[in-house]
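Inspection log for the structure reproduced underneath, given as structure tokens.
Numbers restart at 1 for each chain; the letters A, B, ... are given by sequence-line order, proteins then strands.
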2 protein chains.
Amino acid sequence: MTTDNNDADGSFDAALAARICWHYFKEGQTQELIAQQLNLTRKRVNRMLGEARERGLVQITIQRPLGLCSELESRLTNMFGLRHAIVVPSPIGNTDVRVLVGSAAGDYISDHLTPGAALGITWGGTINAAAQSVRRRSGEANRVVLLCGGLAESTSINPYDNASMMARALDARCYYITAPMFAASAELRDLLLVSEPVRSVLAMVPKLDLALLSAIDLTDQSKALEYGVISWNDWRSLRAAGAVGDICGHYLDADGNLVEHSLTARVINPSIKSLQVIPLRVLAAGGASKVSIVRAAIKAGLCNVLITDESAATALVRR
Amino acid sequence: MTTDNNDADGSFDAALAARICWHYFKEGQTQELIAQQLNLTRKRVNRMLGEARERGLVQITIQRPLGLCSELESRLTNMFGLRHAIVVPSPIGNTDVRVLVGSAAGDYISDHLTPGAALGITWGGTINAAAQSVRRRSGEANRVVLLCGGLAESTSINPYDNASMMARALDARCYYITAPMFAASAELRDLLLVSEPVRSVLAMVPKLDLALLSAIDLTDQSKALEYGVISWNDWRSLRAAGAVGDICGHYLDADGNLVEHSLTARVINPSIKSLQVIPLRVLAAGGASKVSIVRAAIKAGLCNVLITDESAATALVRR
DNA sequence: CCAGCTGAGACCCATTTGTGACGATTCTGG
DNA sequence: CCAGAATCGTCACAAATGGGTCTCAGCTGG
């Protein structure tokens, strides 16, 4: 009874969990019965089901289009000239909208990432959720490129974490920018950009097939602020300079123009141009706080596929 | 609030159902809360959730490989030289094994049917379940070809029904053999085989990319008998002639050889040869009663991908 | 016009599920 | 070997779920 955990995780019997999930979700049996048959306690079955869902071992897909949302989708597509728009219902409970949008993003990736294709990703809760809900595949020679530098201080959500999760789910080779998100000085940044291995990873960006981008906002609910990615001071001065958020380290104002700021000279990221030539630039962001930066990103040509939620979509199509 | 039912079905609000499913499965809210938010009764939400699952509007996928089964899978693959083998847990309740195997078959189709590809299918409960659980797609120019004739008397599961469901799920053009499964006489069969439109549909078969085949057994639990597809007399004489079942109307003995019988001269179906050249010949069949015919099908070169359940797989690898 | 049918909501109840408390068992580090 | 921690099973209970019945309104066909 070998349990080959290809997950880098010791204490979780994926084989057993999969079997339990099968009987529960596919066969529709009761947890009690499954426990009896498998010689487990009901409690155990219950917990493993929960854990399996959390780990994305069971994937639940809802047939699109999602009705009401599809009208918003076509209006977004037409209004902004997008390739695709996907709108999911806004949470009615206190669920994190990022999980929902991310889940839809994972589905989108699963459907549009062809074998052998290269995927660029950024970081954040949305991307994290996407990685969790992307359909597992193996042996399709995909590559994942992380489009930003790392954070030394491990927050709950770390770029390297995001990338590694996504790569694991896709059985992809993963390329990291081995540099901080913000270099200590502009000089250091310029140095790092042209030095290996950062240079060659950044050189991959224009050849990516698909980029999964997230939007960092600069509202007072900004996660970047909460996680301490940017200082309170930077937050204030960025806002003062007109920035409404950033895409992959490019700070934009409401019209999609680049904002100059002391921080922008220290960011280690792919150039705007190299992002703009990626065929599918998927921006996944939901919630009211992301509306401005999403609109800016579209204007800046950084997004031709939008995945968002109903509330943000409604705000976007107004005006 | 337009409800565009592209399903050929009046009384079912797919948009609403999708929204309910989203809040329930993705967001994890309670039926009560969803009902409140959407101004529905809890009962209604409950019923729509059930209906949505039945209609395959929500798809639940469990990350493969399914542990214990994966050992059986590799043994099957090696022992019979298959391209793939997929083994799902046998039902522990009184669930129909065909639904489970069919569901796995639907997943397989979803993963392996490339855009523009042509899919041949047969009929039966397994295929029905597969059609229900295949991931919906649209605009991918797939084609579905039904590989057998029809049954005039509408049983609960009719070939034309299966084909139409599958085609609808894939947004595919569907090609039917406009002839009975068994012609009234051998002469009529020969006539039909060379006459339009039967001839040209059969001519498509060798060019199919993927065939989803089911196995009809001749045990005393045979569904063919139950549904009255073959008479009790034929059943007896076919068994007496050594047949253990049929694949797409080709009756085989335990070693995979064709069985001669008065019935075989009246079957309207694609030739063995034309089936054998299809790159992916997926046989989906589970349960103890199918073991012999599955083994025969593999020997006859009618199957290079097998989807079955644990009990059948165990029996197959023994001996 | 009315008996009968159908579908939907209201209400009710048995089952199933999620979760917390508590005690037993195993693991771990000294 | 032992103390403490972590894990796991048992029990209990509240919440959530899935069916059932009942009733009523609207419609149907005679």
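Atom-to-atom, CD of A:E51 to C1' of D:dC8 comes out at 14 Å; the value is rounded to the nearest Å. Atom CG of B:N39 is separated from atom P of C:dA10 by 11 Å (rounded to the nearest Å). Between A:M48 atom CE and D:dT7 atom P the separation is 14 Å, expressed in whole Å. A straight line from CD1 of A:I34 to C1' of C:dT16 spans 12 Å, rounded to a whole angstrom. Nucleotide C:dA10 holds its C1' atom 12 Å from the CZ atom of B:R47, rounded to whole Å.
Relative ring orientation between B:Y160 and B:Y176 is described as perpendicular, the plane-to-plane angle rising above 60° on a 0-90° scale split at 30° and 60°. Ring geometry for B:H84 versus B:Y108: interplanar angle over 60°, hence perpendicular rather than tilted (30 to 60°).
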(request) Would you mind building the protein contact string for nucleotides 14-21 of chain D? One character per nucleotide, 5' to 3', B for base within reach (heavy atoms under 4.0 Å), S for sugar-phosphate only, - for untouched. (result) --SBBBB-
(request) Evaluate the side chain to side chain contact (heavy atoms under 4.5 Å, CB included) criterion for residues B:T122 and B:I216: first the C-alpha distance (whole Å), next the side-chain angles of each, then the deciding distance (0.1 Å), finally the verdict. (result) CA-CA 10 Å; B:T122 57; B:I216 316 284; over 6 Å; no
(request) Check step by step if side chain to side chain contact (heavy atoms under 4.5 Å, CB included) holds for B:L16 and B:L40. (result) CA-CA 11 Å; B:L16 180 61; B:L40 303 165; 4.2 Å; yes
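Screening A:L283, A:V282, A:T126, A:L212 against A:I307 for a side-chain contact (heavy atoms from CB on, under 4.5 Å) leaves a single residue, A:V282.
Of the charged side-chain nitrogens involved, at least one lies within less than 4.0 Å of a carboxylate oxygen, so that A:R55 and A:E51 count as a salt-bridged pair.
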